[in-house]
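Okay, so here's the structure we're looking at.
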Amino acid sequence: MRKRGLHEHVLHSSKLVLFGFAAAVGVGVPLGLVMGWSRKAEALLNPAFLLLRPIPPLAWIPLAIVWLGLGDAAKVLIIWLAAFVPSVINSHAGVRSIDPTLLEAARTLGIRRSMLVREVLLPGAAPMVFTGLRLSLQACWTTLVAGELIGAIAGLGHVLYQSSLDIFPAMILVGMIGVAVTGGVMTKMLEWVELRAIPWRRQ
Amino acid sequence: MNTALSRREFWVLSIAGTLGFFGLWTLIALSGLVQQQFLPTPRAVLEKFVDLTRNPFVGYTLQQHLLSSFGRFGAGLRACRARRRAAWPHDGLVSLAR
């Protein structure tokens, strides 16, 4: 097996987190917004969501391995599951937290539906959506490490696993610090995006 | 935002959603797209669930596995409470100092 530098492990783990996170947010946020906006959609989709929600992401690991093998796809699926739930819940809560007076005022002014979504719904729900994204990102890293502990050939979780087999505490700490620093950098990047997307939150 | 649904509407949609979820699962499992070994039907899962309450898997029944997990959960909770009690005098001093 070829030797890899720390940066390669960091890059590999970051790539998996980004794929899983983007896929979860891409599905979870619109789903949460729709469920928050439409009572009918909520009543229809909530039962399935309530059945899946209590299952911890780590409990999916055996099934993900059986379905997708030991490769990256299984890890992305687990990360997706971990990030999906907080993004749906917070997007849903974001829509529900919009002041009804604002919605009524917009309707009274005869605003078009598309404009209502763009000008009231999305900005109103955005703070909670971003809270969900932060929780999702955190969940992604937790799950990634657990996922990479099993059958990975690269990544920070693999560094942790391999160094524990080699009884190499210094390397274990390097892996732990690597996870903390990379996760912290990603959270900061998300905060940067958040401040640009919803500048009024700075106040 | 849509107005609240009537009780009847809510239950009809909720039951439709639940049936849709299990129906889709069954359909995919029976369609042959995925081998049933990899994606069993909900019925097969339910049967296995009932079976595990009677016949042990890796040495224990479902109830025994659950008890074991609850035991660990309880131990964690007790340790947390003990830690809280141990930290209490310190917390009290800190709040007094404030």
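First the proteins, then the strands, lettered A, B, ... as listed; each starts at 1. All values derive from a computational prediction rather than experimental measurement.
When the shell of 6.0 Å around OH of A:Tyr161 is examined, it contains 12 or fewer heavy atoms from other residues, nucleotides or ligands. More than 12 heavy atoms of other shown residues, nucleotides or ligands fall within 6.0 angstrom of atom CZ in A:Arg118. The environment of A:Gln138 atom CD is sparse: at most 12 non-hydrogen atoms of other residues, nucleotides or ligands sit within 6.0 angstrom. Taking a 6.0 Å sphere around CE of A:Met176, one finds it holds 12 or fewer heavy atoms contributed by other residues, nucleotides or ligands. Counting heavy atoms of neighbouring residues, nucleotides and ligands inside a 6.0 Å radius, atom CD1 of A:Ile167 does not exceed 12 of them.
Scanning all heavy atoms of the two residues, the minimum distance from B:Ser14 to A:Pro47 falls at O-CG, 3.4 Å.
To the nearest 0.5 Å, atom CZ of residue A:Arg39 and atom CG of residue B:Leu13 are 13.0 Å apart. Here the CG-CZ distance, from A:Leu50 to B:Phe21, works out to 11.0 Å after rounding to the nearest 0.5 Å. One finds the CG atom of A:Leu44 at 12.0 Å from the CD1 atom of B:Ile15 (value rounded to the nearest 0.5 Å).
Close approach to chain A, defined as a heavy atom under 4.5 Å from one of its heavy atoms, is seen in B:Phe38, B:Leu39 of residues 34-49 of chain B, taken by number.
With a 4.5 Å cut-off on non-hydrogen atoms, A:Leu51 touches chain B through its side chain but not through its backbone.
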